[in-house]
Amino acid sequence: MTLTTVLIVAAALIGIGLYGALSQQSFVMLMMGLELMLNGTLLAAIGFWSYGLGGAPEGQLMAIIVMAVMAVDMAVGFALIVAVYRKRQADVTESLTTLKN
Amino acid sequence: MLFLLAIAPALGAAITFASDMRTRFGLATVSSGTTGVTLAVAIVAAGFGWTGAIGWSDQLRLTAALTPMAATMAILVPLIALPVLLYAAGHESERGLKRLIVLLLLFVGGMELLVVAADLLTLLIGWEIVGACSWALIGHDWRDPDNPRGGLYAFVTTRFGDLGLFLAAMAAFAGAGSFAYADLAGLPSPMIEMVAFGILVSAAAKSGQVPFSPWLFRAMAGPTSVSALLHAATMVAAGAYVLIRLHPVLHQEPAFAPAAIGIGLVTALAGGLVAALQPHAKKLLAASTSAHYGLMFVAVGAGYPLVALLHLVAHAGFKALLFLAAGIAGEKAGTYELDRMGFGRALPSVAALSALGALTLGGVPPLAGAWTKEEIVAVAGHRGLWLAAGVMLAGGLSAAYAARFQLMAFGRREAAGGSGPGRLEYCGVGLLAGFSLLLSALWYPAIHDAVATAFGAEIPSSTLAELIASLALVALGLLAGASLARTAPALGKVGTGAALSDWLGLPSAIRLGITRPFSRLATSAAWFDDAVFDAVPRLVAATGKGIASHASLSDTFVVDRGVRLAAAFGVWLARLGDTVGEFVTDGLPRGTAGIVGFGGAEARQLQTGLTHQYYALLGGGAALLVVVLIIVA
Amino acid sequence: MPLGDILPEIAVLLTAVAVLLAATFLPRDRQAWCAWLALVGIAVSLLLCTMQVGSSRLTFSGVWALDGASTWARLMILATTAVALGLSPDWVKTDRRHGEFYAVLLFSCLGAMALAGASDLMQVVMGALLSSVTGYTLAAYHRDWGTSVEAGMKYFLVGALANTVMVTGVVLMLGMAGTTDFAKMETALGAGASAPLLMLGFGLVVVGLAFKLGAVPAHAWMPDVAEAAPVPAAAFLTVAPKIGAAIALARLVDLFPTDAFAIRPVIAVLSVLTMTLGNLAALWQDDVRRLIGWSSVSQSGYALMAVTVVGLTEQAIPALLFFLLGYAAANLAAFAVVGHLRGRTDRRDYAGLAATRPVAATILVLSFLSLVGIPPLAGFVGKLELFVATIEGGYAWLAIVAIANTVASLFYYLRVIGPLSFGKAEGSQPQILGRWSSACMTIGGASIVVLGLAAGTLLALFQTASLLPVTAS
Amino acid sequence: MGLIDDAAFLLLSTVAILSGWRVFATDSMVRASFLLMMSFIAVGLIMLLLAAPYIGLATVFMMAVEMMVMALFMVMFMMNPAGLNPMMMVHQHQLAIGAGVFAFVGLTAAVLFTDLPDDRVDPGAPVVHDLGVELLGNSMLIFETAGVTLLATMVGAVVLSSRSGRFGAADEGSRPPGLEVGGEPAGRQPVQGGGGHHHHH
Amino acid sequence: MLTLSILIPIAGALVLAISPKLAEAQARFAAIIVSAVPLLLLVIVWIGFDTSPSAPAFQSVAEAPWIPTLGVAWRVGVDGIALALSLMTALLFIAAVTWPADTMGRTRQYYAWFLFLEGVSLGLFLTLDLLIFYVFFDLSLVGMYFLIGRWGHGDAKAAALKFFVYTLAGSLAILLAIIALALSHDPLTFDMRTLIADQPLSAGAGASLVLLGFLLGFAIKTPLVPFHTWLPPAHVDAPGPASAILAGVLLKMGTYGIVRIPMSMMSETFARWALPIGILALVSILWGALVAFAQKNLKRRIAYTSVNHMGYTVLGIAAAGAFTAKGSTAARDLALTGAVTEMVAHGLITGSLFLIAGAFWQRAQSYDLDNYGGLARIAPKLTAATVLATFASFGLPALAGFVAEFQIFTGTFAVYPWLAALGLLGILITAALFLVMVQSLFFGDLPPQRAHFPDLRGPEIWVVSVLLFLVVLIGIWPAWLLDLIGAGTRALIEGG
């Protein structure tokens, strides 16, 4: 368990998350991809904190911020999903193509 | 002060224009008054040695001065103009008569300016004013589109010649920093050639020398009085005059003499031939004008400007006379075709006056024209026998067409009928005849010696052999002319004769070689301008107009444009091989426009409305950015 | 805790809370009062912010920069918010809960202000996040209008990814530089170490800020929001976050020494891509709001020109500030006109407007010409400053590209101006929204002209505007 | 200690990655969200290993709650009642795989090529206390901003998602003003007037 | 005084634009009065202008700060060149405003735009600040864009758009060059006098690039071939008075710009590039004439002759700027004086020609030469005016064009003999093409549909008479003008 390995694991999570974000049609699944990316980021933050920053509290704070981003994204994301679904009965990105060009 | 000489006729013109005078008599009064005043001013100016100067700026100064020869010319112009204007007032159609008179007066003014000029700038101003007036005068009866076309032809041809004068002025300034005649003396080498040949070219153009001669024919579209003035004392005379005036300068350039002699002799012979063949009374006279100015060129080239001047004076008298007579005949016949004339019975007095002119033209002693022509033979003889022979031959031709003109126009073919010319016309013709007759006094040695002394120049005497040979040729010419008039009245109307009579085919050569190619060039240029230079904005606009879908975009831009470009390229190559470079360089903006318009359509396609593609874009962009950043760092 | 240093923000926050409460308790027909309340709050905040002009220090342990750039940017954001607020009541009055609209607008304003003043990467993240979540809400506020929710959703999706990317970048930078505090980072970066992971982190942060800025590659939301969000929200969202993000990005770029890191060329390329894409996409646009959206993308590209030369020339910050100011004025005026004309947006519908609604037409023309950069309007001075800065900073080629883009942009603005001025109106006189939109429109139009003519005074002020922690050398 | 830690890390990271991958390989949303939760919990446990007790636990709890909400959401709103039907909806799959792999490889490469800092946390350090000091001290402003953000998020989320408000249906009339008073608003509209359609296999 | 002559028309335009109660006739009358004010003021300046060699180059100078941080200020002042051009401009605007026009029911706006354009154009000639120069340069595009687009005919919108986009590209190139030039001076300043005195950018590739920027911009505006294609449509579709202003005033901005900026402020670099510029000018002369010759459309024909004439101007400028090359000071002075005289002369002559062309459109809605003929019968005044104007245009002596062109050619010949000699062909071709035009309009048979073609009348006669009177006056006695212009060129040539 070194910083390198932790970061590689984080990289793997980010990679998978990105895959999900890019490949999923459903808004919800797409958001899961984003969450997974943030998950990796969270891991990286703590990894750095633990191995590279000598425990500087900024590392922990960073992790909290990552969590805040997750939470905020989730909350507003779901709200929007609800709104879109109610108005457009749409739950996948392909359903929203009025605005283009 | 001397500029008054030019201003006086212009002022007269302005007064006439401003007044509402319309009657023939009134116009005759005004015009004769104006020319009379001009004449008086000229005499006074010559007597008192007036000069003039107007400063435009530090570098541009208009100056005027009279040398004895210039003074002669300054007097000659109103002297000839006076009878011609009287005639015009009496003869020409009443419609637009006032305009005609005004323009003729302006014409005289321009000519006077040209005559008194003592620097190239002033000369050029007068020179071009004369040209512009000739345009307006030739096209005087503009209702027939042929007339203004004739004016156009005349103007453009002579303006081409004017470029020579421009060039001369430019070279003078570059070499001497001044335009004054006085400063031209010591010009360095490339400049003096440009001055000499520039002036020669413009003189040749004005005087209707080969290859510019055809414009004189087209100038015949103008009224008779215009032709008379044009040929005798103004426009055409200006060419020869300027050579005479600037002879001291021009002779610095050794190549000038052969060039002037060559042009003059060729024109004299060709003009004579053309005149001998011409079926059109005025064109016959016009060709003869070219020929006689050719003789003057020979004289100047040979180094005897005074001889040339004297011939100019003599020519002015008889040529104006003949034109006016021809005008009367033409008026009666309703045409200028010689074979439709023959008014010896109908207009006996005119015929008699005309005969005087024709004999002078033919060079029959003891008339003035004969003496001046023999003088030219003599000066040519100084240059070489062949030249003298050439001049003699020209004299023979002159005699031939003079005889032909007189016999056909005023032979006794038809009975009298209709009215004769009016008083004013008689007045004009008579005055001119008197003038011509008066000049015959030059035959008296005392008189011509006095003239020579007055001008401070030498008048060579011709050898007896030359005189005999020359007169023999004149006699032969007269006979030939007479016989032609009898046996071949329709000469020059059909076939080779017709082709030759139109300046030996020179006009069609000009048309085929210059006018038409130029007009084609202009059309191609206009096409090119629209099609290629304008490609940038047009394509942008075109894309905007009709092209919605991507497919049609590529179709129009790539396929259609390709075809169009290829076709355009072919045409262009065929027409103007030498400007291919421009085409290629212009492909760039054209292509740019295409790409921009294209890009506009394409860029919007990026915005698909599909979020996951935005994600791809964002991801890809981020990846690219990061990779570049890492690599660059 | 130096609360005094964030008094303007506190004022906005308190107002937002008050508006929120008022929206809950006020009867439906009085909800518009919330707008006036919000305006009062903004006015107070503007006043407080004005009092900060001239200060140049870091506060809150280096998290918050009270420098010229921040102060002026926040003033602009507040003014933008005020205009958006003025446009709002008439626009959203059919909405049963429009009271909250103003509150969200105020929160969003707060987010943009946080970005502008942030002097710590974590604060940048928080500012971006606050600005984003409120932005999504604003864009999707017309819940009964299909395209509005679509725009909000798309805004959210792009934003969520961009914010995720940015957070990742911040984590990496934190790990490599050991801090997120700009002042400390500057020292760390001054050493000149350019580890791949650090650059990676920086790149990701740039992408995150590009989202707020509406720049490539995260620009996709801008035209959608401009077209479909409520017009006041569109006006606000195309302007305010951009101001904040531009300042934040400039601050970040400024940390890097000018010689050791080749990041400025990369920003320059981003600038080129952004302006070119924006202009090209706008070229054949027939929907005026969308056209403004794309033009906003291209304007972000111009703004990035100034960011490119930050640290290379003293003119960079004045140029950025004035350009943003001019852009804000023109864009707000344009949206105000659109709003005033009740959202009229088809290019062809504008035909003959010069005859039927001369004032609105004049202001729209003025704002478009200002966006092109026609003197003596505000946009011209902005662009002039940009050109001066880029040429002085050694990026003359960037200025040339910008010029080519400006020419292209004129084309599409004229595609609106042409029919508007020369076309024949069809149908009756266009109906308008109300007096408040008219006032906003007039203020916008006047400010375009006045800012241009009074540029000297403002530029003299901007000239002294510092950018902490590094002051332009 | 080291060995156990390493083994635990290996195990947990395997779980985190595998379950993360399975999120997108399962055909039920509910399952997907539980898998995601698993991944989070694994990461949280790794954090505990990394001596970040507070953050680790916070992650575990927060994510547990969040995933519950997510699962609930899917049951409540989505087209897939109960969220239990098999489903698999992907687009630009190849590209997405490529992007994922690229991101992983790229990040890994960057990590490997970077001279990583080495400054371990003191195992005995009062890390939670430090965090508290940081939050209420140096980074006070950040923390406050986060608070405001959460407040704003709540407001926004409520506005957007609430079905009814004080004055009846919450979204009634929530649309742009008409181009003419009382008329339809200007601009493009969804082709089917708002109807989306579902992409079932 | 100068400031007032800029601001009064602009203020007048504003007032006109926002006073809805004004009747058409009142608006027109007011516009005429306001447009005349600058001429009055400028004549006063002229009276006080000292043309003696010891006088300062720029006179009536005034200054007020605008953007001090950039060294930008409202600076006005005139030398002989600027004063001559601004006098011509002011006069031409009165003519254009007085010319009776079809205002399509929007009279106030029409005259407002004209007044606006007048202020802007005068501003360009009167300012001594590079940036203000650019401001007015750009604003002139805006004014003309609206005039063409709103009151033009045919495909006016497209023509206006093309005009605006094309020339804006040029003006932005100028802006960049201006900035680069100003930045090269330490401290940063846009003061023309300082930049002329200090010649901050004297050598190197950078200087050439800056010069290129200026030249590109001015070549588009002038326009020189091959940047001229915006001109014909803009002219054809513009209303007559707008065309007159476009040709008479706006084109001069390009040539004036070349003289005022690159030639004065970076004379060394300009001298190095003088020959290519001269060649470009020669190409414009010949190409403009050639293409004009083939045009069947009256206005297009005149438009292309503008390309030709501006070619003369640029040729003269190029020769005047080639100071390190051969050629005496006197010759270069002559060339520059000629170039400036050509600007004034062309303004008056082509201004009249376009006004006349506008009269044709108003009467018969056609510019096609084939649709006309024999008009001399029923419109003698029109005929006389046109003939005089065309003669002046192709450089007939005793008319203004000759004075200008003669000086240009003579001056240029001493520097670049070949360019001048070849350029002479231009005056031949233009003569031919104008005479053909006159011929097909006025001579020959009158087409029946033109039987009721009215002659010039009322204000038209006055306007054309005044313009053509000046053309004749300059042709016969140009000393007053050359003295004024010479004061400017002398300072430039001998000072440089």
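Given the structure is predicted, the values throughout are model-derived calculations rather than measurements. Numbers restart at 1 for each chain; the letters A, B, ... are given by sequence-line order, proteins then strands.
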Is the shortest heavy-atom distance from the side chain of [X] to the side chain of [Y] under 4.5 Å?
| X | Y | result |
| --- | --- | --- |
| A:M67 | D:I55 | yes |
| D:L160 | A:V82 | no |
| D:H91 | A:E94 | yes |
| D:V90 | A:Q25 | no |
| D:Q92 | A:S23 | no |
| A:P57 | D:V133 | no |
| D:L135 | A:L61 | yes |
| D:F9 | A:V6 | yes |

Considering non-hydrogen atoms only, spot the tightest contact between [X] and [Y] and give its length.
| X | Y | result |
| --- | --- | --- |
| D:S162 | A:R86 | O-NH1, 3.1 Å |
| D:R120 | A:Y51 | NH1-CE2, 3.2 Å |
| D:A51 | A:W49 | O-CH2, 2.9 Å |
| D:S39 | A:N39 | OG-ND2, 3.2 Å |
| D:L36 | A:E35 | CD2-CB, 4.0 Å |
| D:A103 | A:G15 | CB-CA, 4.2 Å |

Segment of D:Y54 engaging chain A (4.5 angstrom heavy-atom cut-off): side chain
Under 4.5 Å from a heavy atom of chain A, the part of D:L49 involved: both
So what's closer than 4.5 Å to chain D heavy atoms on [X]: side chain, backbone, both or neither?
| X | answer |
| --- | --- |
| A:A45 | neither |
| A:L53 | backbone |
| A:T5 | both |
| A:V66 | neither |

Take the angle between the ring planes of D:F24 and A:Y19 and call it parallel below 30°, perpendicular above 60°, tilted in between. perpendicular
Which one of [options] has the most heavy-atom pairs closer than 4.5 Å to chain A?
| options | value |
| --- | --- |
| D:A146, D:A32, D:A7, D:A110 | D:A32 |
| D:T114, D:V43, D:D130, D:V23 | D:V43 |
| D:T59, D:D118, D:I46 | D:T59 |
| D:G20, D:G106, D:G44 | D:G20 |

Looking at [options], which has the largest count of heavy-atom pairs under 4.5 Å with chain D?
| options | result |
| --- | --- |
| A:L80, A:L13, A:V76 | A:L13 |
| A:L18, A:T2, A:V9 | A:V9 |
| A:G33, A:S50, A:A11 | A:S50 |

Is there a side chain to side chain contact (heavy atoms under 4.5 Å, CB included) between D:M47 and A:L42 once you walk through the steps? CA-CA 9 Å; D:M47 290 182 201; A:L42 192 59; 3.1 Å; yes
Member of D:L116, D:L50, D:V111 meeting the side-chain contact (heavy atoms from CB on, under 4.5 Å) criterion with A:L3: D:L116
Out of curiosity, [X] [atom1] to [Y] [atom2], how far, rounded to the nearest 0.5 Å?
| X | Y | atom1 | atom2 | result |
| --- | --- | --- | --- | --- |
| A:M62 | D:I142 | CE | CD1 | 9.0 Å |
| D:E134 | A:I64 | CD | CD1 | 10.0 Å |
| A:L36 | D:S19 | CG | OG | 8.0 Å |

Go through the steps for D:N138 and A:E58 under the test side chain to side chain contact (heavy atoms under 4.5 Å, CB included), then give the verdict. CA-CA 9 Å; D:N138 286 346; A:E58 279 174 314; over 6 Å; no
Counting neighbours of CZ on D:F143 that are heavy atoms of other residues, nucleotides or ligands and sit closer than 6.0 Å, is the number greater than 12? no
Run the side chain to side chain contact (heavy atoms under 4.5 Å, CB included) check on A:L7 and D:L107 step by step: do they pass? CA-CA 8 Å; A:L7 288 181; D:L107 280 167; over 6 Å; no
